[in-house]
Amino acid sequence: MATDKVSEEYGSLLFTDKDMQERLPKPTYKKLMQVIKEGAPLDIDIANEVAHAMKEWALEKGATHYTHWFQPLTGITSEKHDSFISPKGDGSVLMTFSGKELVQGEPDASSFPSGGLRATFEARGYTVWDPTSPAFIKDEVLCIPTAFISYTGEALDKKTPLLRSEVALEKQAKRLLALFGQKPHRVYTTIGPEQEYFLIKEEDYQARPDLILTGRTLFGCEPAKGQELEEHYFGAIRPTVNEFMKELDDELWKLGIPAKTKHNEVAPSQHELAPIFEKGSLAIDDNLLTMEKMKLIASHHGLVCLQHEKPFDYVNGSGKHNNWSLCADNKNLLEPGDDPQDNLQFLVFLACLVAAVDDHADLLRMSVASAGNDHRLGANEAPPAIISVFLGDALTPIVEALVKKEQPEAHDRESIDLGVPQLPEVLRDNTDRNRTSPFAFTGNKFEFRMCGSQQNLSDPNVILNTAVAEQCERFVDYVADRADEDFTTVAMRFVRHTFRDHQRILFDGNGYSEEWEAEAARRGLPNLKTTPDALPALIKPENIKFFEKYGVLSESEVHARYVAKAEQYAKLLNIEANTMVYMTRHMYLPALFDYSGDIATSVATKAELGIDAKAEKKMVSVLTDGINAISDAVDDLEAKNAQAKGLEDPQAADDCYRDVVIPAMTALRTAVDDMEKVCGHDYWPVPSYNKMLFYV
Ligand code: ADP
Ligand code: MG
């Protein structure tokens, strides 16, 4: 047995399968496993026994409280702590935790965004234990992962639809696999989320109201140095950051989070952490926990972790790559096999993926839309807002050959024998990466690269899972309609026709180029540049039907999500505009008044001595022009922000923020940044990009 510190501590704060096995009576453990692994109903006696064991375990680890940990529509996690104490009446306490407390909680739902769902129903909301995600201890609190639903059963969170989409996908994928003679016990997704983030010094953060209030800099002129030397990526990690990373790894490992790779990213002060992939919803829980731990642990090192998609202009923003695959009992279904039959199955799944992305490109785009991510997508540092699929040098020729083939059906077998068996050798070398592609096949998984760094990955995975479920079902129906034909021939035809019909989504070239934007328009691919453009896809009638068909979201849930997202966009922009006005009036203008005033005084003093202070006079006039421009721009922004804020309809408000308020924000920023370039260092009220991005 390994006795090193990591193996010893790994998962020590996680209530693991091993802990359950040790602490639960055998029959209870068996029944619980049926609940977790097979989705059997949970009865209260079992819940009571599990709760007891969980509490005993948590008390031994020093926990005093428990919480239902959930993911409301804000995307971030929420919790309310209750202690285990139960007064005995004689001045002493018992530490108790019942099955009911484990299974169900009742937070005050009225303070979470619901997109209007609760207005029409009950204000109450429940958290319900998700036994598929293990409980863990965080800061002496036993955290129980839960789903959050309304009194009438509507999803009020990010997790519920994700779990529903996993159910839908498993069902349809199993039907597909059955046609290949396979009966796996479980089919599930695997997700590996690569998390990008910035670390800056706490003192700089504290001096910038924009970072504190909005997570990004709303002002700041171009630093003398950016990322052009390309020295930061994979570069040596500075000592403070290294200390942070070490502590983070330790903490994550204790929570059983398989943190694997850490390195510097492209922008100065930017870093990345990639875990080893896990089952879908668990990977997302762990990503949320990772983000939370990053913020907390940064504070131990005098640092602040910025998870916004675009904390700084002029250098890259942060994303989160969603590596996604499908697994049947530990076998990766996107891994090409060794024999033709395996490869046929692989090609069917690949075709399903391509069709899924093409059919629901608008929803996938919607799922990553946010005010923060609008700064990245299409800004030549992240994939464009146009969705396309990259298959790479190994697969593209095979797909093209399949599509071009115009021989009659009878020859299909031949093409399998000739073309497909050659797949494995070629595919294993599929290492070339096209970083500009939003949806890339990378050997044995797809990498969806449009997600924002601070987003909850549930949304894109809900779309992906449901869209793939739909395609699996299409395959099953396709085969059923041709029951009298040879299965292999039919499956091959499905693959060929699917690639042929969805060729427009396939693109291996440079996604950052202008030619691609024009080409994509010719192909009829949606190019939804901003959040207000992207969100309406959610409530298209055909998309509502799609969610309803697979039991993922009801019509009212879809509408609620649309309203919540649209409101979120407007609220965030309103806060950004408010912050800009505040900083301008309270910080920048007073600083510029002081600086120009001091120089003007000096001009006057020198004039009394008979000296013509030419340069200073010029500077006073530059500063005065700048101050006037800022003053006009801030008045304009204030008025336009009020105009947008007055709009009731969420879409109208979003459109107004995009078309009216954002240009006014840009104009104000330009006016202020122009003055930062000339203002004396000691006068400028906030740290510059030069200082924030380059520290030791
Ligand atoms: P990159 O070059 O983009 O950093 P890596 O090969 O290092 O790519 O992998 C990145 C992520 O992909 C990791 O989090 C890894 O766990 C994940 N990954 C690998 N295989 C799979 C899979 N089958 N399903 C889901 N994620 C996967
Ligand atoms: Mg990646």
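FYI, the numbering just counts along the sequence from 1. As the structure lists them, so they are numbered: ligands from 1, and atoms in each ligand from 1.
Neither the backbone nor the side chain of H321 comes within contact range of ligand 1; no heavy atom lies under 4.0 Å. Contacts with ligand 1 closer than 4.0 Å are made by no heavy atom of K260, backbone or side chain.
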Trace of the ring-ring contact (aromatic ring centres under 6.0 Å, His included) decision for W69 with F136: CA-CA 10 Å; W69 190 72; F136 56 89; 5.1 Å; yes
Yes or no on salt bridge (charged side-chain N to carboxylate O under 4.0 Å, His left out) for D459 and R561, after CA distance, side-chain angles and deciding distance? CA-CA 10 Å; D459 288 356; R561 260 146 232 268; 5.2 Å; no
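Less than 4.0 angstrom separates some heavy atom of S325 from each of these atoms of ligand 1: 22 (C), 23 (N), 24 (N). If you number the atoms of ligand 1 from 1 as listed, the ones under 4.0 Å from a heavy atom of E447 come out as 3 (O). Ligand-side atoms of ligand 1 in range of N332: 23 (N), range being under 4.0 angstrom from any heavy atom.
Between F70 and F148, the two ring planes are tilted [angle within 30° to 60°]. Ring-plane geometry between F507 and W516 is classed as parallel, the angle between the planes falling under 30 degrees on a 0 to 90 degree scale with a further cut at 60. By the 30° and 60° cut-offs, the orientation of the rings of F244 relative to H301 is perpendicular. F180 and F487 have perpendicular rings, their planes meeting at more than 60° on a 0 to 90° scale where under 30° would count as parallel.
The main-chain N or O of A379 is never found under 3.5 Å from a side-chain atom of E381 such that the two would form a donor-acceptor pair. In this structure, the side chain of R164 does not engage the main chain of Y550 through any donor-acceptor pair within 3.5 Å.
Taking a 4.0 Å cut-off on heavy atoms, I276 registers as neighbouring ligand 1.
Close N/O approach between A274 and ligand 1 is not found [any backbone or side-chain N/O within under 3.5 Å]. For ligand 1, one of its N or O atoms has an N or O atom of R435 under 3.5 Å away. Taking distance alone, with nitrogen or oxygen atoms compared against 3.5 Å, N323 approaches ligand 1 more closely than that limit. Annotation: T190 places an N or O atom under 3.5 Å from an N or O atom of ligand 1; distance criterion only. Looking at P275 next to ligand 1, an N or O pair under 3.5 Å apart turns up.
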